[in-house]
Amino acid sequence: MAEAGYATGAYREPETSEEALLLARLKRVETNPAGVYAVHVHLSKLRPNNRQPHFLSIAQRSFDGLIESYEATVFPLSNADIVVICRNAPVDDTDAAVGKIRALFSEDPLLAGEKGGFEDPFSTWYDLSQPDDFSSFASVANQLAIEAQRTRQQQTTETKVKVEDKGRPLTAQNLPDINQKLQGTRVADLMREQTCLEMGPEGPGNIVFREHFILVADLKKRIAPDVNLFASPWLFQYLTETLDKRVLAVLANRGVEKATSPLSLNLNVNTILSRDFQNFHKVIDKNAKKVVIEMQVLDIFADMNTFVYARDLLQERGYRVLLDGLNPLALQFIEPGKLKTDFVKIAWGPEFEGGTDSGKMAQMREVVTATGKDSVILARVDTEQAVKWGIALGVKRFQGYYVDDLMKKIADVQIQKAKAQAAARAAQPVPPPQPVAAPAPVRTPAQAQPRPTTPARPTAPAQLAPARPVQPGQAQPRPPAPARPAQPGQVPPRPAQPGHMPQRPAAAPVQARPAQPGQVPPRPSQPGQVPPRPAAPAQPRPVAPGPGAPKR
């Protein structure tokens with residue numbers, strides 16, 4: 001009975017390795033090698049960035065169709081290589097599966113350098129029904145097993161040496177305690193910022209946003225210094241959701257409206273749909289347009305429907321959405337434009353240094369153009385070469401330690417200019433102070449000076465009526481007394497103003513009549529006493545006319 005095909009790669013005890021399973025499989029094939037062949041895919045020769053776990057997982061799943069339809073076994077080795085042993089399976093089907101993996105890593109120098117050579121550096125085929133091929137492949141398998149055993153021993157030694165640094169792993173038993181500490185610990189002082197800056201051939205431009213995040217290394221020292229938080233990615237993901245809520249609370253208290261430039265947050269999809277985010281939105285309200293929400297690509301593809309709902313909800317409220325966790329290689333299999341995010345962040349890696357091949361640059365430029373030059377952000381930029389590489393592809397926005405250093409230098413230059421201007425102002429001679437005019441004295445009633453008198457306009461002499469002849473025995477009219485000159489210290493009368501009634505002149509002092517014989521002279525007036533009113537002049541008594549006098 002033919003042995004059913006199966007795929008390895010599940011969890012096993014440490015002493016059971018893929019290399020040991022491969023050797024056991026070869027022993028069974030040796031008894032009946034008819035129709036059996038093996039393919040060795042050399043993924044260990046790829047650049048380190050291309051040997052990431054999710055890429056290796058995609059490469060391994062390329063053989064799923066072959067396993068379901070034929071008798072085939074897949075062995076993902078510890079050094080990232082993949083070995084497939086097939087019995088009576090069509091070579092074309094196996095070659096098609098290998099071709100998918102080849103296309104996945106087509107940008108790697110291992111494949112970029114092959115131009116129809118006789119030997120294939122990416123994969124090696126063995127016909128195990130032939131003794132020579134079987135012997136060669138058995139030798140390769142034994143060597144792979146020896147190297148894997150040596151690597152495991154070295155890793156075990158390093159683990160024992162660094163066990164105090166890494167600490168015990170994060171497990172379901174200690175997760176509740178650590179999560180409770182995270183909910184109650186202070187995290188505001190652990191908040192860090194990193195600037196995303198527009199740059200071009202002319203130099204730095206405007207700030208796109210400032211990403212707010214918390215370094216997990218600093219957080220680990222505070223809540224679990226003796227625990228390796230990265231031992232379980234899924235348990236650590238649970239902790240990040242609690243951390244998201246703490247970050248939202250810190251930013252809500254700080255006030256987004258006070259930020260001089262937009263800010264970004266890296267949140268889980270579940271956090272965006274939580275009550276904590278709803279409370280955060282109520283606080284910032286109309287300032288949502290100043291916030292960029294970043295989501296990891298692995299979290300997005302874990303539940304695409306939930307991501308679409310969360311993305312639409314954010315954009316309707318004014319937020320901008322950013323797709324994070326991509327690299328140039330992943331853009332060959334993911335079309336970010338279809339995810340309808342506002343930004344796409346691509347991570348720069350050292351494996352792209354020196355990538356000046358015209359064909360590769362043209363392909364990457366096409367990917368950036370299709371995604372949108374204004375939407376692409378090149379992250380993890382640590383060198384000037386990375387910036388030049390991005391500008392050559394049309395990228396305008398950059399983020400990383402190189403940008404942080406550049407922002408610091410710009411701030412230092414501005415500080416130096418401000419100090420130079422202050423020193424120049426201090427060196428200028430100070431002009432002598434101008435004399436200050438004394439304030440005008442305020443008049444008080446006691447200090448008021450008499451106004452100068454305005455000379456009265458001469459008045460025309462009054463026309464006197466002709467004097468009536470005095471009858472005999474009638475008293476003569478007395479001439480008016482001359483005005484007395486003003487005494488020293490006496491205020492002269494104010495001149496009449498235009499439009500004002502002239503004051504009535506004071507009555508002239510009456511000359512006292514000489515006392516008649518036998519009349520008592522008047523008593524002189526005391527000071528403050530009102531002088532008596534002078535008596536009216538006596539009217540002459542009319543004389544009765546005589547018999548011959550004419551009548552009037």
Working for salt bridge (charged side-chain N to carboxylate O under 4.0 Å, His left out), residues Asp276 and Arg246: CA-CA 9 Å; Asp276 296 86; Arg246 298 303 314 278; over 6 Å; no
Please step through side chain to side chain contact (heavy atoms under 4.5 Å, CB included) for the pair Asp226 and Arg168, ending with a clear verdict. CA-CA 6 Å; Asp226 58 341; Arg168 50 196 176 89; 3.6 Å; yes
Take Met191 and Val187 through the side chain to side chain contact (heavy atoms under 4.5 Å, CB included) test and state the conclusion after the steps. CA-CA 7 Å; Met191 191 79 70; Val187 297; 6.0 Å; no
Test side chain to side chain contact (heavy atoms under 4.5 Å, CB included) applied to Gln194 and Phe213, step by step: CA-CA 8 Å; Gln194 193 172 57; Phe213 61 94; 3.8 Å; yes
Going through the distances and angles, do Phe398 and Leu197 end up as a side chain to side chain contact (heavy atoms under 4.5 Å, CB included)? CA-CA 5 Å; Phe398 300 87; Leu197 185 66; 5.9 Å; no
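Checked by atom type, the side-chain pair Asn268/Thr240 shows a donor-acceptor distance below 3.5 Å. In this structure, a donor-acceptor pair under 3.5 Å is absent between the side chains of Asn142 and Ser139. A side-chain donor from one of Thr124 and His42 sits under 3.5 Å from a side-chain acceptor of the other. Judged purely by distance below 3.5 Å, without hydrogens or angles, the side chains of Gln315 and Asp312 never pair a donor atom with an acceptor atom. Looking only at atom types and distance, the side chain of Thr271 has no donor-acceptor partner in the side chain of Glu241 under 3.5 Å away.
Taking the side chain as every heavy atom from C-beta outward, Val140 and Tyr126 approach each other to under 4.5 Å. Using a 4.5 Å cut-off on side-chain heavy atoms (C-beta onward), Trp125 and Thr94 make contact. Under the 4.5 Å side-chain criterion, counting only non-hydrogen atoms from C-beta, Leu182 is in contact with Leu243. Put simply, the side chain of Ile178 reaches to within 4.5 Å of the side chain of Leu239, judged on heavy atoms. The shortest distance between side-chain heavy atoms of Glu257 and Ile284 does not fall below 4.5 Å. At a threshold of 4.5 Å between non-hydrogen side-chain atoms, the residues Gln399 and Leu378 do not count as touching. Considering only heavy atoms from C-beta on, Leu248 comes within 4.5 Å of Leu267 through its side chain. The closest side-chain heavy-atom distance from Leu77 to Glu19 is below 4.5 Å.
Checked against the 6.0 Å centroid threshold, Phe63 and Phe75 do not count as a close aromatic pair.
In Arg51, the CZ atom is crowded: over 12 heavy atoms of neighbouring residues, nucleotides or ligands sit closer than 6.0 Å. No more than 12 heavy atoms of other residues, nucleotides or ligands sit less than 6.0 Å from atom CZ of Arg275. The number of heavy-atom neighbours closer than 6.0 Å to CZ of Phe230, taken from other residues, nucleotides and ligands shown, is above 12.
Side-chain atoms of Asn253 come within 3.5 Å of backbone atoms of Ala249 as a donor-acceptor pair (strictly under, hydrogens ignored).
Looking at Arg222 and Asp189, a side-chain N of the basic residue comes within less than 4.0 Å of a carboxylate O on the acidic one, giving a salt bridge. In this structure, Arg311 does not pair ionically with Glu316, as no charged nitrogen and carboxylate oxygen lie closer than 4.0 Å. Using a cut-off of 4.0 Å between Lys/Arg side-chain N and Asp/Glu carboxylate O, Lys409 and Asp404 are scored as not salt-bridged. Between Asp81 and Lys45, none of the side-chain N atoms (NZ, or NE/NH1/NH2) sits under 4.0 Å from a carboxylate O, so this pair counts as no salt bridge. Between Arg397 and Glu198, at least one side-chain N (NZ, or NE/NH1/NH2) sits under 4.0 Å from a carboxylate O, which counts as a salt bridge.
Taking the six-membered ring for Trp and thresholds of 30 and 60 degrees, Phe55 and Phe105 have ring planes more than 60 degrees apart, a perpendicular arrangement.
Tested against Val208 for a side-chain contact (heavy atoms from CB on, under 4.5 Å), the candidates Ser261, Pro262, Ser264, Cys196 yield a single pass: Cys196.
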